[in-house]
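Structure first, commentary second.
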Amino acid sequence: MKDCIQIQGIYYNLGFNLRTRVIYERITGKPMDENMGTFENIVFFYSILCAFNRETFRMTFDEFFDLLNEHEELYTDLLLWIDEYSRRRLEVLDAPSETDKKKE
């Protein structure tokens with residue numbers, strides 16, 4: 001799965017970094033955790049789009065929410081992406097490092 005999504009004919013990059021967390025925490029007023037509900041997920045996705053597409057993503061949160069409401073498949077696509085992205089990150093974190101390989 002690619003780290004991008006097409007919204008209204010425009011491709012936007014997806015990812016997760018410190019900027020994503022800060023945007024999320026500014027909007028919600030609380031830290032991210034594993035127990036995010038639907039609203040928190042929508043804010044998280046909005047934060048990703050803002051963080052990774054600073055020059056091109058111009059929707060307000062309300063516009064983004066309206067878009068997801070009209071096109072729920074985008075919400076599903078984003079949920080699938082975050083699941084795949086998380087799985088890839090875990091694989092990288094679980095992979096033995098060069099130091100571990102040299103110890104064997």
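Given the structure is predicted, the values throughout are model-derived calculations rather than measurements. Along the sequence shown, the residues carry numbers beginning at 1.
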*asked:* What's the separation between atom CD in Glu91 and atom OG in Ser86, rounded to the nearest 0.5 Å?
replied: 11.0 Å
*Using 4.0 Å as the upper bound for N to carboxylate O, is an ion pair formed by Glu84 and Arg88?*
yes
*Quick one: salt bridge (Lys or Arg N to Asp or Glu O under 4.0 Å) pairs with a partner in residues 42-52, sequence neighbours left out?*
none
*Is it true that Met32 and Val22 fall in one hydrophobic cluster, defined by side-chain heavy atoms closer than 4.5 Å?*
no
*Using the ring of each side chain (for Trp, its six-membered ring), is Phe65 parallel, tilted or perpendicular to Phe61, with breaks at 30° and 60°?*
parallel
*Among all residues two or more places apart in sequence or in another chain, which pass the side-chain hydrogen bond (donor to acceptor under 3.5 Å, both in side chains) test with Glu73?*
His71
*Point-to-point distance, once rounded to the nearest 0.5 Å, from CD1 of Ile48 to CZ of Phe57*: 11.0 Å
*Could you grab the distance from atom CG of Asn69 to atom CZ of Phe64, nearest 0.5 Å is fine?*
12.0 Å
*For Asp66, enumerate each residue passing the side-chain hydrogen bond (donor to acceptor under 3.5 Å, both in side chains) test, keeping only those at least two apart in sequence or located in another chain.*
none
*With sequence neighbours left out, what residues match Asn41 under side-chain contact (heavy atoms from CB on, under 4.5 Å)?*
Met36, Phe45, Tyr75, Leu79
*Are any non-hydrogen side-chain atoms of Trp81 and Asp3 less than 4.5 angstrom apart?*
yes
*Write out all pairs satisfying side chain to side chain donor-acceptor pair (under 3.5 Å) with one or both partners inside residues 19-32, taking only residues at least two apart or from two chains.*
Asn17-Thr20, Lys30-Glu40
Please output the side-chain donor-acceptor pairs of residues 6-16 that fall under 3.5 Å, not counting sequence neighbours, one pair per line with the distance.
residue : atom : partner : partner atom : Å
Gln6    : OE1  : Tyr11   : OH           : 3.2

*May I have all residue pairs that pass side chain to side chain donor-acceptor pair (under 3.5 Å) and include part of residues 44-55, sequence neighbours excluded?*
none
_Starting from Ile23, can I reach Phe39 by hopping between I/L/V/M/F/W/Y residues whose side chains sit under 4.5 Å apart?_
yes
